[in-house]
Amino acid sequence: MTTSTTPALAIAATGLRKAYGDKTVLDGIDLAVPEGTIFSMLGPNGAGKTTAVKILSTFISADAGDLRVGGHDLAADPQSVRAMIGVTGQFSAVDGLITGEENMLLMADLHHLSRHEGRRASAELLERFDLTEAAGKPAVTYSGGMKRRLDLAMTLVGSPRVIFLDEPTTGLDPRSRHNMWGIIRELVSDGVTVFLTTQYLEEADQLADHIAVLHEGKIAALGTADELKRLVPGGHVRLRFSDPAAYEAAALTLGEVTRDDESLSLQIPSDGSQRELRAILDRLDSAAIEADVLTLHTPDLDDVFFALTGADRRAEQPADQSAARSAAQPKETVR
Ligand SMILES: Nc1ncnc2c1ncn2[C@@H]1O[C@H](COP(=O)(O)OP(=O)(O)O)[C@@H](O)[C@H]1O
Ligand SMILES: [Mg+2]
């Protein structure tokens, strides 16, 4: 494999399709995840992320598609795939009634490690995930972040080369989330491939080498965070006034602006370059108009996501159930 100049693919899918009854969840998607990278599948609740993870980790079968993980065909050789992957799902494998260490040793048994090997691997992983102190306590007493860390530590007992993380930080507080991000980055520095699903744009932006936006069963966009950001022109300059006369004068002087009469704000499309900013300021100066506040907005992943899905950025969905449907409905975007 090392002779090839193109990186080997840890995950390769073509025409992946899955329907439940007459509801098509994955409508023929293609994925290519190079070894040693983090790939993020981004989508709201109900988009089909867990379905994709379950299929690629051999828990359920696809209706169609040529699917390979680590070069092994999922349909023909699921055993080889299982031997090289680890999955940490939304539903934890942690048994709350036994201690963290006992959970780890159980995993070691499942992977047929010797007693000695099992204890060594368990101690090392508990240490690495900052769980040594809590190792003797029942897992039910752990915080959400600790449970996620234990879950991931358990996944790593089998030394998987490809790890599926299904919404690893959903429901975690910001500190635990950042902590988990650090852990995920570390995994990849060891050459492991991570397939990560998330509802959080920031998470994909922070972690992923490549991002796929899943929308209505299809991949609405695919690329690096920067590539995706270039897809939308969302950049603009915003000028705010307290004096209605200055506001009116500026609107007249600048011409092509979007007005917000209520907040006395003007929005001017801009790539954020020095040249464009200077042009705006020069025109205001020559008309002796002074804005109270000038802000520059450069496109971020939110813009991409909402441009692609037509969702309203202000419709923050709660972390559960059916809100995704309504959030995905096209609405007028006022930014
Ligand atoms: N076993 C199942 N039977 C019927 N419908 C299902 C099943 N599993 C998932 N779905 C439906 O498939 C869609 C995608 O679900 P899922 O993959 O869990 O989305 P996500 O993980 O992105 O929230 C949802 O509409 C869900 O209701
Ligand atoms: Mg899910």
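Ligands are counted one by one from 1 in listed order, and the atoms in each one are counted from 1 as well.
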Which of parallel (below 30°), tilted (30 to 60°) and perpendicular (above 60°) describes F164 and F195? tilted
Partner of E167 by side chain to side chain contact (heavy atoms under 4.5 Å, CB included), out of V53, T197, T198, T88: T197
Do the non-hydrogen side-chain atoms of L254 and R283 ever get within less than 4.5 Å of each other? yes
Suppose we only count N/O/S atoms under 2.8 Å; would T50 qualify as near the Mg ion (ligand 2)? yes
Please work out whether any backbone atom (N, CA, C, O) or any side-chain heavy atom from C-beta onward of K23 is under 4.0 Å from ligand 1, and answer side chain, backbone, both or neither. side chain
With heavy atoms of T50 as the reference, note each atom of ligand 1 found under 4.0 Å away. 17 (O), 18 (O), 20 (P), 21 (O)
I'd like to know whether ligand 1 has G43 as a neighbour, heavy-atom separation below 4.0 Å. no
Shortest non-hydrogen pair, A250 vs F241, comes out as CB-CZ, 3.4 Å
What I want to know is whether E167 and ligand 1 share at least one N or O pair that is separated by under 3.5 angstrom. no
Suppose I only count heavy atoms of N45 and a 4.0 Å limit; which atoms of ligand 1 are within that range? 23 (O)
I'd like to check which ligand 1 atoms, numbered from 1 as shown, lie under 4.0 Å from a non-hydrogen atom of P44. 22 (O)
Using a heavy-atom cut-off of under 4.0 Å, does the side chain or the backbone of T51 touch ligand 1, or both, or neither? both
So, for R177 and G171, which heavy atoms are closest and what is the spacing to 0.1 Å? NH2-N, 4.5 Å
Answer yes or no: is there a side-chain heavy-atom contact under 4.5 Å between D73 and R68? yes
Going by atom types alone, do D77 and S80 pair a side-chain donor with an acceptor below 3.5 Å? yes
State the atoms of ligand 1, each with its element, that fall below the 4.0 Å cut-off from a heavy-atom position in A47. 19 (O), 20 (P), 22 (O)
With a 4.0 Å heavy-atom cut-off (strictly under), which part of A52 contacts ligand 1: side chain, backbone, both or neither? neither
